[in-house]
Amino acid sequence: MNILIINAGSSSLKYQLMDPETGVVSAKGLCERIYIDGRLTHKVGDKKVVKDIPMPTHSEAIQAVLAILVDPVEGVINSTDEIDAVGHRVLHGGMEFFDSCIINDEVIAAIEKCIPLGPLHNPANLMGIRACQAVMPNTPQVAVFDTAFHMTMPPVAYRYAIPTEYYKNDSIRRYGFHGTSHKYVTKRAIELMGRKEMKLVNCHLGNGSSLSAVKDGKCQDTSMGLTPLAGVPMGTRSGDLDPAVVQFVMNKYGMSADECLNMLNKKSGVLALSGVSSDFRDIEDGAAAGNEDCALALDKFAYEVRKYVGSYAAALGGLDCLVFTAGVGENSPEMRERICEGLEFLGVKLDPQKNAVRGKETIISADDSKVTVWVIPTNEELMIAQDTADLVKAAK
Ligand code: ADP
């Protein structure tokens, strides 16, 4: 099977052509500068081509992708008929979507309904969907939502303690994000541990970071909220803070709410604490060279992640399995060690030799650790491809 995976942004569109059974990616690439001029970067194995192609809308971008996929020289398939289905990444499924689903008019209307919750991403995701429908009307399209995995959370986890009208009228509640990644590593953890019945905490630690508490395969809680700003500090996001900080800063510096939120989303997190970079490699280098602000940024990040792990162990009533994934989680043994230091009371014991690993699916806990700690490289695209293939097969 060939599944085309589309991640449409406001002026960009990423794609991959993948076999959902093997996970093999035959081609992938990126359309940039849509609405401005248009550039396509296409990769097959190690070979990369860059072409300037006019892309006045997402439609031309999709057409350019399909054209290069069937190109006799650069392409990997003979005809677009060889694309069995398209899987679209959609940011916000609101309270409408509990799982991935085949796209029809109703689904499009429901994604539109979620625009107030994902005002930047959902319209772009919809443009990608509509462009594909227009150029490949007979190919099934599937929507895979960043929020869906978390929809099994109980009300104690998802309700905010604010007047009920905001929940009832405006759907304001915790949703959580990175759901496709949390779903993928949960699925892998269940396969690797050989059992579904367990208490699992997933740490997706990248430029954006979130944790999830999972019981018997179902999400019980997650650290991001109505938006991805909540939870642990991130590359440039503040994570949780007293909401009165917003009012204080707005009043004192004459900022608008948008300006303040921009500061919390783009100028905060480990970037702000380190004063050096949002990239954990730069901060680790800085700390190693004796920069105290960098050391504080790493300590703060580890401290907040550790607190979440502890609180999720309390929420789940125990902990059997702890998973690290995404850029930092997969690649930084130092950060994993910092986080796990102090979690011995929960039964977490890392094996320093096993932990000295980057980007590889493996156990990193000691043989006598009560909690099994894993590094599981995430693969959101594979999860999208598998969900898409499963739904399309089931519909036949
Ligand atoms: P995104 O949220 O953009 O998908 P990623 O999951 O790719 O981000 O994670 C990016 C982060 O991972 C960056 O901060 C980067 O510094 C960090 N990272 C990647 N490799 C390493 C490494 N070897 N050591 C420490 N941090 C790393």
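Ligands are counted one by one from 1 in listed order, and the atoms in each one are counted from 1 as well. When a residue number appears, it is its place in the shown sequence, counting from 1.
Sorted by chain and number, the heavy-atom contacts of ligand 1 below 4.0 Å come from G206, N207, G208, S278, D279, F280, R281, E284, A326, G327, V328, N331, S332, R358.
Contact record, C132 with I6: SG-CG1, 4.3 Å, taken as the closest heavy-atom pair. In terms of heavy-atom proximity, A302 sits nearest to M335 at CB-SD, 3.9 Å.
With hydrogens and angles left out, the side-chain atoms of S10 and H121 include no donor and acceptor closer than 3.5 Å. Side-chain contact of E32 with S12: a donor-acceptor pair under 3.5 Å is absent, judged by distance alone.
Other residues, nucleotides and ligands place more than 12 heavy atoms under 6.0 Å from the CZ atom of R338.
Between E21 and K393, at least one side-chain nitrogen of the basic residue sits less than 4.0 Å from a carboxylate oxygen of the acidic one, meeting the salt-bridge criterion.
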